[in-house]
Amino acid sequence: MEEEKLIELWEKEGRHLSDPDSRPKYFITAAFPYPNSPQHIGHARTYTLTDIYARFYRLLGYNVLFPMGFHVTGTPIVTMAERIKEGDPSLAEVFEKIYGIPKEVYSKLTDPFDLVMFFSREIEEGMKRMGYSIDWRRKFYTSDPHFQRFIEWQFQKLYKKGLIVKGTHPVAFSLKLNSSVGAHDTKGDVDPEITEYTGVLFETPLGYLVTATLRPETLYGITNIWIREDEDYVVVEYQGKKLIFGKKAWEILQHQLPGAKIVDEIKGKELLKLEAEVPITGQRVPIWHGEFVDPEEGTGIVMSVPGHSLWDYYEYRKHTDQPYPVIIKVGNKESKAEDYFKSHGGKEEDLEKLNEEFYHLEFTKGYHEPLGMPVKEAREKTKEKLKEKDAMIELYKISNGPVYSRAGDKVIVKVLENQWFIDYGNPEWKKKAKELLASMKIIPEEMRKRFEHTIDWLKRKAATRSRGLGTKFPFDKSQIIESLSDSTVYMAFYTFAHHIKEFKPEELTEEFFDYIFYGIGEPVNEKHKELRKMFDYYYGLDARHSGVDLVTNHLTFFIFNHAALFPHKPPKAIVVNGSVLMEGKKMSKSMGNIIPLKKAIEQWSADVLRLTVAASTEIIMDANFSESTARGVKERLEFYKKTFLTEDKGKKDELDEWLEKKVKHYATLAYDYYRAYEVRKVTNLLFYELFKDLQWYMQRKPEGKRNLSEVARIWAIYLSPIIPFTTDYIFRERFGESVFDQTLPMFREWKFVHEEEFFRELLEDIRHLLKLKKGKKLYIGIAKEWKFEVYKRLSRKDAIKDIVSQEPKAKELLAKLKNKAYTLDFPYERERLIEYLNKNKDYLEKELGLEVEIGEEKQKYALPDKPELLLE
RNA sequence: GCAGGGGUAGCCAAGUCAGGUCAAAGGCGCCAGGCUUAGGACCUGGUCCCGUAGUGGGUUCGUGGGUUCAAAUCCCACCCCCUGCACCA
């Protein structure tokens with residue numbers, strides 16, 4: 001296979017290695033892969049686009065560095081290894097069915113390190129096979145001790161700038177796994193969602209009863225408090241207060257109130273004797289038994305608002321027929337739970353559903369009477385007031401629950417104490433990040449807003465985890481740096497990654513890196529000095545390529561961290577691309593429509609994939625991979641290869657002039673399209689349009705008389721970033737050197753005019769006419785001179801009234817043209833057209849099998865762009 | 001809910017920023033013809049409606065208004081769809 005030979009050749013020629021020299025540099029990167037499974041064609045999109053631009057900038061004469069590493073941190077790798085060890089049957093689905101990895105092979109990957117090595121090798125091979133022009137000498141794993149020293153440096157710096165802070169934080173947690181859990185740790189890959197709700201404190205002689213609610217604003221309408229007389233309650237000491245919770249509820253809630261201790265236990269019955277004071281209003285309410293109260297839900301204690309909760313109303317009526325307050329209006333009418341319940345059937349089994357609808361209704365449309373504001377605002381206002389009075393605590397629950405962990409237990413919310421954060425909420429830092437963003441090029445520009453918004457709402461981000469792979473957190477060695485946080489500035493490491501190994505990890509102190517990055521202090525030796533030079537030469541990243549899904553996290557962190565650590569070497573551009581669809585559908589394991597990259601290359605070749613996956617659609621759109629487009633690309637590639645490898649040395653004539661002019665025209669536009677990251681338009685012209693032009697050319701000119709040398713040269717150079725294999729192969733075969741040793745030829749053929757174009761359209765019109773009517777002789781009547789004159793003046797955008805006053809006959813013509821008159825652009829000269837047509841009369845006659853005569857129009861119908869066609 | 005993106009012919013999808021050559025590129029599907037023993041692939045033509053010795057008329061670009069000589073494109077309102085909302089790569 002010729003692609004593989006070329007890869008060997010490129011490697012031998014050292015084409016993709018980059019070292020500092022006198023040329024301007026271009027440093028381009030894409031997010032490094034996470035090696036816990038093989039790659040599929042979806043992964044190929046970002047990398048191919050990156051490679052296209054690496055190759056494009058090389059053609060422009062830049063010293064391009066395109067490196068690659070592997071991200072070996074976090075829990076998914078560990079989890080995968082564990083699942084293999086456990087013999088998880090669902091893995092067969094992925095590894096055997098989709099990727100064709102035999103069980104004997106993958107079942108050995110029970111050690112995370114083996115797993116990483118296996119898949120990273122696989123991925124690296126795939127990337128080479130795709131023709132990515134990566135400088136592999138610089139490859140590193142984030143698990144390398146050298147790299148970890150670099151990450152420690154990063155965190156020391158952030159810490160010293162006050163950007164690392166400590167606090168508490170709620171996380172989804174599994175007690176059995178003793179770890180916080182993300183989607184990949186749960187059954188069915190459910191992402192646990194956490195909602196915050198309010199614990200309102202009601203004072204009683206025994207302590208504060210804590211009720212859990214999502215609607216604190218309703219406390220203005222409280223009539224009583226619900227508990228279960230048949231359940232046990234606990235008194236807990238927390239931050240100097242005695243709080244009362246249901247005993248079962250406490251089992252879960254204890255994880256949310258760190259430091260709380262049980263000091264007493266009470267029977268539910270005992271509570272019934274008490275009275276509670278409502279915060280804010282100071283009202284005193286009784287405590288009643290409520291049958292519907294779930295002892296495991298919330299706090300096991302519920303505040304009763306019969307006016308605005310269907311449950312409360314229903315239970316309230318069992319106890320008393322006393323009236324109760326109504327505090328919310330919808331429209332201008334009192335909004336009463338009772339009315340809503342009754343008007344919607346009044347069935348007990350509908351309570352749950354109706355209650356939810358009613359909540360939603362009051363939240364979106366309700367007006368809160370006591371506070372005199374919409375319910376939405378009243379909720380926040382009430383919380384503020386409660387906080388002032390120190391009468392609330394924040395509680396959390398899993399809102400999309402129950403969610404079960406891999407180990408089988410129910411996922412709960414735990415509040416972590418002494419949690420370390422990167423403080424993206426820091427206003428100073430936000431400002432710097434925004435400034436950096438403003439100075440950067442964002443492709444496509446529409447994405448900028450999303451970045452701005454993300455910078456705005458980003459708050460503290462947890463920086464450590466207790467489990468998984470990664471660098472130990474310098475300020476608490478029991479913790480590991482969370483894996484999105486250790487990959488924000490790693491691009492800087494590439495600039496010297498292959499040389500830093502000459503130092504021992506323990507030599508890589510903070511000062512060591514300070515010297516490299518900031519030039520502070522003295523170099524320890526010559527090599528150290530050299531590392532600084534390398535960094536200085538390459539950094540400022542010129543372009544960061546990534547999938548669109550990383551905008552709201554990785555890419556924004558990337559901006560923040562560079563603003564803080566590398567303000568003197570800011571990144572210049574972020575390029576964001578869409579993903580890949582399979583036959584119009586999203587790729588997913590369950591649909592089984594994932595094509596492994598390896599298999600796809602075997603079937604289609606790398607060039608076919610590169611073009612279909614990366615260059616067949618605009619950069620931000622999702623590319624659609626389908627058999628039929630891939631097939632179309634493959635056939636065209638073969639056509640080009642065949643055509644351009646056939647060495648015809650015919651004499652150049654007008655037709656060759658036409659085609660050469662046309663490729664140059666395409667190339668002129670293509671250059672701008674490349675620069676604007678509009679790859680699809682490049683392929684549209686130089687791959688699809690030129691394909692049609694070539695066919696026309698070949699139809700017009702018999703074999704043996706053709707001369708495609710210049711066309712092939714321009715074509716190959718311009719498309720070499722996209723289809724490097726085909727173009728380099730053709731170039732070497734035909735011109736004896738590599739296409740990658742060429743510089744990009746530039747043209748200024750902005751507007752394309754050639755009589756051949758006119759001729760081509762004319763032939764189409766004639767063919768159309770011949771469908772409708774047969775004849776033996778064709779008369780082509782060219783429009784009269786004055787019509788050409790009018791066309792010319794219209795093209796020049798002369799005032800229409802001037803044209804008419806000079807040539808009264810033009811009126812009729814203009815009436816016919818209607819709106820087209822305003823935009824007409826007709827570049828042909830009458831004499832030259834007639835001459836050109838006469839020259840090609842023989843071809844017409846032969847092609848049409850008709851006698852052809854060319855002359856002046858006989859009737860009035862002819863227009864300069866549409867000659868009169870008369871069949872006899 | 002908040003934020004971002006989007007609604008174009010049977011389907012997918014250009015065009016919208018810079019209004020006019022836009023009945024609207026391209027692809028798929030479908031129809032007819034060619035090639036072929038046949039199928040596939042490939043090639044040619046057609047594919048909103050009417051008309052036709054071609055370059056003609058009518059009605060279309062989520063819905064309803066507006067601006068303009070002229071709107072898929074600009075302005076206003078409304079309807080619908082998709083994505084993200086974190087500690088997870």
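In what follows, chains are A, B, ... by sequence order, proteins preceding strands, each numbered from 1. Every value quoted in this text rests on a predicted model; they were computed, and no experiment measured them.
The partner of B:rC85, taking Watson-Crick or G-U wobble pairs whose two distances both stay under 3.5 Å, is B:rG1. Under the Watson-Crick and G-U wobble criteria, each requiring two contacts below 3.5 Å, nucleotide B:rU37 is left unpaired. For B:rG51, there is no paired base (Watson-Crick or G-U wobble, both distances below 3.5 Å). The partner of B:rU60, taking Watson-Crick or G-U wobble pairs whose two distances both stay under 3.5 Å, does not exist in any strand shown. Pairing partner, B:rA32: B:rU44, with both Watson-Crick or wobble hydrogen-bond distances short of 3.5 Å.
If you check every strand for non-hydrogen atoms under 4.0 Å, A:P444 touches nothing. A:H554 comes within 4.0 angstrom of no nucleic acid atom, judged by non-hydrogen atoms across all strands. Within the nucleic acid shown, A:L863 has no heavy atom closer than 4.0 Å to any nucleic acid atom. At the heavy-atom level, A:M621 lies under 4.0 Å from the strands shown only through sugar-phosphate atoms. At a threshold of 4.0 angstrom between heavy atoms, the contacts of A:T75 are confined to the sugar-phosphate backbone, with no base atom among them. Within 4.0 Å (heavy atoms only), A:R767 reaches no atom of the nucleic acid at all. Among the atoms of the strands shown, none is found under 4.0 Å from any heavy atom of A:E446.
Panel note: side chain A:S174, backbone A:V411; no donor-acceptor pair is recorded below 3.5 Å.
When side chains are defined from C-beta on, A:I412 does not count as touching A:Y396, because their heavy atoms never get closer than 4.5 Å.
Within the structure, a side-chain polar atom (N or O) of A:R465 is placed less than 4.0 Å from OP1 or OP2 of B:rA89. Contact annotation: A:T629 side-chain N/O to B:rG27 OP1/OP2 distance is not under 4.0 Å. For B:rG27, neither phosphate oxygen OP1 nor OP2 lies less than 4.0 angstrom from any side-chain nitrogen or oxygen of A:R631.
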Worked check of salt bridge (Lys or Arg N to Asp or Glu O under 4.0 Å) between A:K166 and A:D476: CA-CA 11 Å; A:K166 214 173 175 184; A:D476 178 354; over 6 Å; no

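Taking the six-membered ring for Trp and the full ring otherwise, the centers of A:H169 and A:F421 sit less than 6.0 Å from each other.
When rounded to the nearest whole Å, the span between OH of A:Y424 and P of B:rC87 equals 15 Å.
Here A:R767 does not pair with A:E764 in a salt bridge; the nearest charged N to carboxylate O distance is not below 4.0 Å.
Classified by interplanar angle (parallel below 30°, tilted 30° to 60°, perpendicular above 60°), the ring pair A:F687/A:Y640 is tilted.
Residues that satisfy the side-chain hydrogen bond (donor to acceptor under 3.5 Å, both in side chains) test with A:Y677, not counting sequence neighbours, are absent from this structure.
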Within the sub-3.5 Å range, which N or O atoms of nucleotides 80-83 of chain B have a protein N or O partner, and how far apart are they?
none

